[in-house]
Protein chains: 2
Amino acid sequence: MRPSLECRRTETHLYGVELYEGDDAVTELTKRDQQVLEAVITDHIHSGDPVGSRTISKRYGLKVSSATIRNVMADLEEMGFLQQPHTSAGRIPTEKGLRFYLDSLMQFREMEEGERRLIRKALEETQQDIKGLLQRTSRILSRLCKQAGVVLWPRLSSTHLKQIEFIRLRRQQIMVILISKSGLVHHTVLDWEEDITQDELDKYGRYLNDLLEDVPLGKAKERILEEMQKEKVLFDQLYSRALRISRHFFQFNLEKSDIYIEGQTNLLNNPEFSDVERMRRILETFEDKSRIIRLLDKTLNMSSGVQIILGQESELEELQGISLISSPYRKGDTLLGVLGVIGPLRMDYSRIIPVVEFTAGLLSQLMEEPEDY
Amino acid sequence: MRPSLECRRTETHLYGVELYEGDDAVTELTKRDQQVLEAVITDHIHSGDPVGSRTISKRYGLKVSSATIRNVMADLEEMGFLQQPHTSAGRIPTEKGLRFYLDSLMQFREMEEGERRLIRKALEETQQDIKGLLQRTSRILSRLCKQAGVVLWPRLSSTHLKQIEFIRLRRQQIMVILISKSGLVHHTVLDWEEDITQDELDKYGRYLNDLLEDVPLGKAKERILEEMQKEKVLFDQLYSRALRISRHFFQFNLEKSDIYIEGQTNLLNNPEFSDVERMRRILETFEDKSRIIRLLDKTLNMSSGVQIILGQESELEELQGISLISSPYRKGDTLLGVLGVIGPLRMDYSRIIPVVEFTAGLLSQLMEEPEDY
DNA sequence: AATTAGCACTCGACTCTGATGAGTGCTAAC
DNA sequence: GTTAGCACTCATCAGAGTCGAGTGCTAATT
């Protein structure tokens, strides 16, 4: 049965629908073509199987016979929206077909209050530790959508400094700890050619905390360079060393990021991944997080709403047959990170997109929370 | 072909071999019984299939016919060392059989110099960040053994304090950051009923750094309680609050731990896990790390050498058919954590045990490294 | 008494077969 | 333009037959 639909349209025009095919004339999709395409897709999303002409003519309110549907389907196949796994099977959508569906046909389903409540409960849990918050977020996404949930950490560069601290671990080895206003902690060990006492390091800390107060960390490097030009600094060993160390630190750590992926095992429940070899490749990709991080990074800078990347579009061949629904979360005007759901191409988009959107909104709201001094 | 063996014996007597079965008389394994059992196991470990009597009589240097072997195998089955997947198949070892093999039959294979070099190279990489070190350790274990590699982090309680730091995040919210001498960083957000200024928190930090200097963190709670008894503290608001906060912190964070699991996808290569449902259950167990942590914790306190836990023995039913080879690593006399390899029951123990042992030794050595002031 | 050759038997794995049915494309009639 | 009808395709499934690895038992051999 077709789920009841609501009448809001998606805004994801990331990849425009090509209604013009190469040199061909305009290939217009008639109203009926679209209805059939939509029917095929919704049915396939729910069943996972190829769908045949009879099913469509019977189950969806089109008042034409299966033969007519067959003709339409043949047209849609020719235009590249549908494909046939083998001659005597029904049709399944191509990525192009899905893309068109997402951009022009799909209508969101209103979220149930129960779902909203679950998400709120998961995120608003008292414990206000950012790490935990992000982890809980990816967990609830995976639970609710029955796929893998993913959350990209905020980059340091998109946050403000709360405190920076240098600690002498041993000779010529310093640990730098940076806490952002949002409660993110980042620490690295730095090898430094000179040996510096803890006392002196404490001074560096105080100096830099002053210097970088209220500077968005993305601008920190500039600020440091600027300061390095100043005369009083040029000739003061303390200042100049403090600046050199911190420049070195920011150089390598500002753009690092990490992700949480939860519920990978949910993917194993999808019949399309019952092929072990295929699944292995996908899980392997998840193990080496860097590729996924790069992918999410890319979506971060692209738009402000929900985005969908289908298989090919990811340009990662390990992710053939995989789809990513993502949305950035933010604090005020700055985008912090991205969260989303990873699953097969055949996902219940009309249900999951609102979930992702809502979760991103709620997370942004929590980030916003007044700095309550 | 049987790999060439070296002549050192395993010390893993974790689960004693039961040569006495219930009320029965002594069931002695003759020399030949043992040879056959060993042959079955080595063959099965390398092929993965049930092995038949003919294979054994031909391929392993026993100078008896297959018929004799059959008789022996029937005996071994009766005694519970072997089992038959179905009537007309060969035999595979039971867990009891494997246990006996591990405890009394198996001989280690000498590690190749190449393996040693690889491990050294992976661990001794310049970057001296503990997190990275542990991650690299579990990665090299998984690579070398073609199974999942796992490393349990050191507990705070087994390290010494380098520095403790309190940072005011917002009203009634404090971040506690603790750095251990080994370079481990632990941070938590604490909700506290009173609001405390950063200035005051700095004082707490200095006070506690003094108080806990050179105290092993496992003893920190005692030390704090002791201090709380002192008169000068009882009536000093600053001291007493600092102590209460830190007590609260240690209460909840001393025993927390985490693990790195790398190379989970290697498990998918084992034919025994080609069943998707089975694999799903195992990966699910890995996703919720707490159970694995508890399991590793248990082995931590049990012995100082390499230990092996076979399926049943783990008392986790999700880990049926799974085997863990682990060894603690240490710093001086204190056990820090555990590292190991997780794979199917049918692993190449004679090769992997030395690898785990060597890696644990090397990691311990790196932990040892002089505190180089 | 232990070992072995021989043999009947078991059973999973594989192949071949035909039946089934979902689904198609095409054509001619409406 | 739509539809009924029909021949055709092809994945899937069940059943039958074959193969071969491996067993257990027995009787002969050492």
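Source: prediction; values computed, not measured. All heavy atoms count here, side chains included; hydrogens, waters and symmetry mates do not. Just so we're on the same page: letters track the sequence lines, and every chain starts at 1.
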Completion exercise
Only residue of A/Leu319, A/Val341, A/Leu295, A/Leu310 satisfying side chain to side chain contact (heavy atoms under 4.5 Å, CB included) with A/Leu324 is A/Leu295
Looking only at the side chain of [X] (C-beta and beyond, no hydrogens), which of the listed nucleotides [options] gets closest?
| X | options | result |
| --- | --- | --- |
| A/Ala74 | C/dT4, C/dG25, D/dT9 | C/dG25 |
| A/Thr55 | C/dG23, D/dT3, C/dT24 | C/dG23 |
| B/Ser88 | D/dT2, C/dC11, C/dT4 | C/dC11 |

Practice task
Look at all strands and tell whether A/Thr68 reaches a base, only sugar-phosphate, or nothing, counting heavy atoms closer than 4.0 Å.
Solution key: base
Starting at atom [atom1] of [X], determine the distance to atom [atom2] of [N], rounded to an integer number of angstrom.
| X | N | atom1 | atom2 | value |
| --- | --- | --- | --- | --- |
| A/Asp75 | D/dG1 | CG | P | 11 Å |
| B/Leu62 | C/dT4 | CG | P | 11 Å |
| B/Arg91 | D/dA21 | CZ | C1' | 13 Å |
| B/Asp49 | C/dA13 | CG | P | 10 Å |
| B/Asn71 | C/dT3 | CG | P | 9 Å |
| A/Ile92 | C/dG23 | CD1 | P | 14 Å |
| A/Gln84 | D/dC10 | CD | P | 10 Å |
| B/Met73 | D/dG22 | CE | P | 9 Å |

Exercise for the section: Using a cut-off of 6.0 Å, state whether more than 12 heavy atoms not belonging to A/Arg143 lie near its atom CZ. Expected result: no
Problem - Under 3.5 Å side-chain donor-acceptor pair for B/Thr68 and B/Asn71 - result: no
So, is [X] near the phosphate of [N], with a side-chain N or O under 4.0 Å from OP1 or OP2?
| X | N | result |
| --- | --- | --- |
| B/Thr87 | C/dT10 | no |
| A/Arg54 | D/dA4 | no |
| B/Arg32 | C/dT3 | yes |
| B/Ser53 | D/dT23 | yes |

Exercise for the section: Specify the residue among B/Ala67 and A/His86 whose closest nucleotide of DNA chain D lies further upstream toward the 5′ end. Expected result: A/His86
Problem - Verdict with supporting geometry, A/Ser66 and A/Arg54, side-chain hydrogen bond (donor to acceptor under 3.5 Å, both in side chains) - result: CA-CA 5 Å; A/Ser66 65; A/Arg54 227 177 95 81; over 6 Å; no
Handout entry: side chain to side chain contact (heavy atoms under 4.5 Å, CB included) evaluation trace for B/Glu318 with B/Ile282
Key = CA-CA 6 Å; B/Glu318 315 87 277; B/Ile282 293 169; over 6 Å; no
Handout entry: Donor-acceptor pair under 3.5 Å, B/Arg70 side chain vs C/dG6 base
Key = yes
